[in-house]
Amino acid sequence: MNEDARKIRLIMELRRIGVLDTDVLSAMERIPRERFVPDLFKGQAYENTALPIAHGQTISQPSVVGYMTQQLEIGKRMKVLEIGTGSGYQAAVLSRLCRRVYTIERNRDLLSHAVKLFQELRLNNITTLCADGSGGWPEQAPFERILVTAAALDVPPALLEQLAPDGIMILPVGDTPDNQQLLKCRRTAEGIDYETLWPVRFVPLLGGIENGVENGR
Ligand code: SAM
């Protein structure tokens, strides 16, 4: 099966699990996932599976990317904050749906690899920062949407503070990989509404920053 056929099969699979938003599906169709995975796994880029990237991290499963992106209910004029740039794939998908993506990664090596890809693919509306994302990005806040792609023990208070009125934040929460739920937090006039979505399996949200010297690609 060639790459186009694999891509179509993946898009059909996304639809089957309930990712029906045509803007989300078309963004995922247009972003070349094979560019974001290590050479060894390029043949699996259009399988519905998470894949290893450098530094023991992962590029998320396409169905999870599609589902979380759809749940964000993104509008074209919005500012979106992502925590956990990783390979850069999720940020690239978001960049096709909103005005500007701010993405934070704690590992310098992963971030510089992702920045190179954003430049090569001319994704010019992505701004990056190497930092501990639990503190958010106060200088750029508030954000209409926030997406966290590593699992926190609890909802980081700084991120809630940086969520705009009517804003939505999606994040995995849980203390072990076997016990994580995707949470949808919505800022309303009365406070924050919480909705539990899917059980998920993400790497943990860690503190501090990491320089990254491993050449794992
Ligand atoms: N969104 C990524 C993608 O599309 O490839 C997948 C993210 S991967 C599952 C989680 C990422 O979060 C890792 O790259 C990890 O280094 C990063 N991370 C973990 N804790 C973090 C923190 N406190 N601040 C920023 N990044 C963090």
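Residue indices begin at 1 and follow the sequence shown. Each ligand, and each atom within it, is numbered from 1 in the order the structure gives.
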Side-chain atoms of residues 7-17: list all donor-acceptor pairs with protein atoms under 3.5 Å, sequence neighbours left out, distances to 0.1 Å.
unit_1	atom_1	unit_2	atom_2	d
Lys7	NZ	Glu29	O	2.9
Arg9	NH2	Glu47	OE2	3.2
Glu13	OE2	Asn48	ND2	3.3

| query | Between Arg186 and Asp166, is the closest basic N to carboxylate O distance under 4.0 Å? | reply | no

| remark: By side-chain contact (heavy atoms from CB on, under 4.5 Å), Glu3 pairs with (sequence neighbours left out) Glu34, Tyr46

| message | Which residues pass the side-chain contact (heavy atoms from CB on, under 4.5 Å) test with Asn124, not counting sequence neighbours? | response | Arg122

N or O contacts of ligand 1 with protein under 3.5 Å, please list pair by pair.
unit_1	atom_1	unit_2	atom_2	d
ligand 1	1 (N)	Glu82	OE2	2.9
ligand 1	1 (N)	Gly84	O	2.9
ligand 1	1 (N)	Thr149	OG1	3.2
ligand 1	4 (O)	Gln90	N	2.9
ligand 1	5 (O)	Ser87	N	3.0
ligand 1	5 (O)	Ser87	OG	2.6
ligand 1	14 (O)	Glu105	OE1	2.7
ligand 1	14 (O)	Glu105	OE2	3.4
ligand 1	16 (O)	Glu105	OE2	2.6
ligand 1	20 (N)	Leu206	N	2.9
ligand 1	23 (N)	Asp132	OD1	2.8
ligand 1	23 (N)	Leu206	O	2.5
ligand 1	24 (N)	Gly133	N	2.7
ligand 1	26 (N)	Arg106	N	3.3

| query | Got a donor-acceptor contact below 3.5 angstrom from the Asn125 side chain to the Ser95 backbone? | reply | yes

| query | Do Gln90 and Thr69 get their side chains close enough for a donor-acceptor pair, meaning under 3.5 Å? | reply | yes

